[in-house]
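Reviewing the structure listed below.
Remember, predicted model here, so these are calculated numbers, not experimental data.
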Amino acid sequence: MDEKPDLRAGDRDRDRIAEMLRIALGEGRISIEEVNERLDRVYKARTFQELDAIVADLPQTHLVTPSGGQDLLRLNSRGFRAIRKTGRWTVPSRLNLDCTWRTAVVDFRQAYCPHPEIAMHVSCHSPFGDIIIRVPVGWQVLSDEMTSGGWIRLLRVHNRPPEPLSPDGVVLRLSGHISGDIWVRYHHDSS
């Protein structure tokens, strides 16, 4: 984390390590009990060396923090690999989804979302590249900034929310260009 491990860490440094732990939990790398134990250590840590030791066995996070301070997750299909972001994961405030010939699935149902609004930029230039977005009932998915092209020039976002935005719901704003279809699916909490 720092070339001088004996330097004192600040609240911002501790928050960054806590976010790494939340991401590792969402990816299934550590258990909830382990996150709780490590978070106790994070907020007691005084130096960079103590913080480094807490996450030494975890890979670097895939979140990018640009100078604006907002986190960004890039989901790209390389070649003909499909994109699947499902299960437990931490949702950043911005996502970039770039898919080609395969279906992309982004599932927010078990994800931890600390943001009231998420911006998701989509780029899919193949008529065979469909995108499936699964969200909890009570979220709102807006697609007024989407454009479409290809053989049939229709806006191909299929989105019928069963209920209006709930007080604790999240707004997911889609932007970008697609040639395939986007299917938004709303699911009730199964717990």
Side-chain angles (χ1 to χ4, degrees), residues 19 22-29 32 59 61-66 68 70-191:
E19 183 62 20
R22 286 185 195 96
I23 290 168
L25 172 67
E27 292 175 342
R29 296 183 191 279
I32 189 75
T61 177
H62 56 275
L63 286 177
V64 178
T65 305
Q70 293 181 320
D71 48 352
L72 169 68
L73 173 62
R74 297 178 194 275
L75 299 171
N76 299 312
S77 62
R78 295 192 175 108
F80 291 102
R81 275 184 59 202
I83 296 172
R84 289 187 59 80
K85 189 66 177 168
T86 61
R88 293 183 179 171
W89 57 290
T90 300
V91 180
S93 60
R94 297 184 311 137
L95 290 98
N96 280 359
L97 175 64
D98 186 1
C99 64
T100 52
W101 294 88
R102 303 291 301 269
T103 298
V105 177
V106 183
D107 191 338
F108 294 93
R109 294 175 298 169
Q110 294 181 5
Y112 166 68
C113 184
H115 311 286
E117 187 168 311
I118 306 162
M120 184 172 173
H121 182 79
V122 176
S123 178
C124 186
H125 298 286
S126 166
F128 306 108
D130 287 351
I131 298 166
I132 299 169
I133 299 172
R134 294 187 176 114
V135 297
V137 168
W139 280 35
Q140 185 175 20
V141 180
L142 304 176
S143 59
D144 4 344
E145 297 177 34
M146 290 295 306
T147 60
S148 63
W151 299 327
I152 302 172
R153 294 193 179 273
L154 298 172
L155 185 53
R156 304 188 66 157
V157 179
H158 310 279
N159 180 16
R160 292 191 177 147
E163 298 174 14
L165 178 67
S166 68
D168 60 341
V170 173
V171 174
L172 175 60
R173 292 188 184 278
L174 302 178
S175 64
H177 181 82
I178 57 167
S179 294
D181 291 285
I182 295 180
W183 302 89
V184 180
R185 299 289 186 241
Y186 295 85
H187 299 270
H188 284 280
D189 188 6
S190 58
S191 56

For [X], side-chain hydrogen bond (donor to acceptor under 3.5 Å, both in side chains) partners two or more places apart:
| X | result |
| --- | --- |
| Asp107 | Arg109 |
| Thr86 | none |
| Glu117 | Arg173 |
| Arg134 | none |

Residues Ser93, Asp71; criterion side chain to side chain donor-acceptor pair (under 3.5 Å); working and verdict: CA-CA 6 Å; Ser93 60; Asp71 48 352; 3.0 Å; yes
Is there side-chain contact between [X] and [Y], with at least one heavy-atom pair below 4.5 Å?
| X | Y | value |
| --- | --- | --- |
| Ile118 | Val171 | no |
| His177 | His121 | no |
| His187 | Arg185 | yes |
| Pro161 | Trp139 | no |
| Pro92 | Leu72 | no |

Quick check for you: to the nearest 0.5 Å, what is the distance between [X] atom [atom1] and [Y] atom [atom2]?
| X | Y | atom1 | atom2 | result |
| --- | --- | --- | --- | --- |
| Ile131 | Thr103 | CD1 | OG1 | 9.0 Å |
| Leu75 | Arg84 | CG | CZ | 12.5 Å |
| Asn159 | Ile182 | CG | CD1 | 9.5 Å |
| Asp130 | Trp183 | CG | CH2 | 7.0 Å |
| Phe108 | Met120 | CZ | CE | 5.5 Å |
| Leu73 | Leu95 | CG | CG | 5.0 Å |

Closest heavy-atom pair, Asp98 versus Ile83, reported as atoms and distance to 0.1 Å, is O-CD1, 3.6 Å
In terms of heavy-atom contacts, Gly138 and Leu165 come closest through O-CD1, 3.1 Å
Residue pairs meeting salt bridge (Lys or Arg N to Asp or Glu O under 4.0 Å), one or both in residues 174-184, sequence neighbours left out, come to Arg156-Asp181
The ring-ring contact (aromatic ring centres under 6.0 Å, His included) partners of Tyr186 (sequence neighbours excluded) come to none
* **Under 3.5 Å: donor-acceptor pair, side chain of Ser166, backbone of Gly169** => yes
Residues passing the side-chain contact (heavy atoms from CB on, under 4.5 Å) test with Ala119, sequence neighbours excluded, are Arg94
Taken in chain and number order and not counting sequence neighbours, the residues that satisfy side-chain contact (heavy atoms from CB on, under 4.5 Å) with Glu145 are Ser175
Is there a side chain to side chain contact (heavy atoms under 4.5 Å, CB included) between Leu142 and Leu174? Walk through the geometry before answering. CA-CA 6 Å; Leu142 304 176; Leu174 302 178; over 6 Å; no
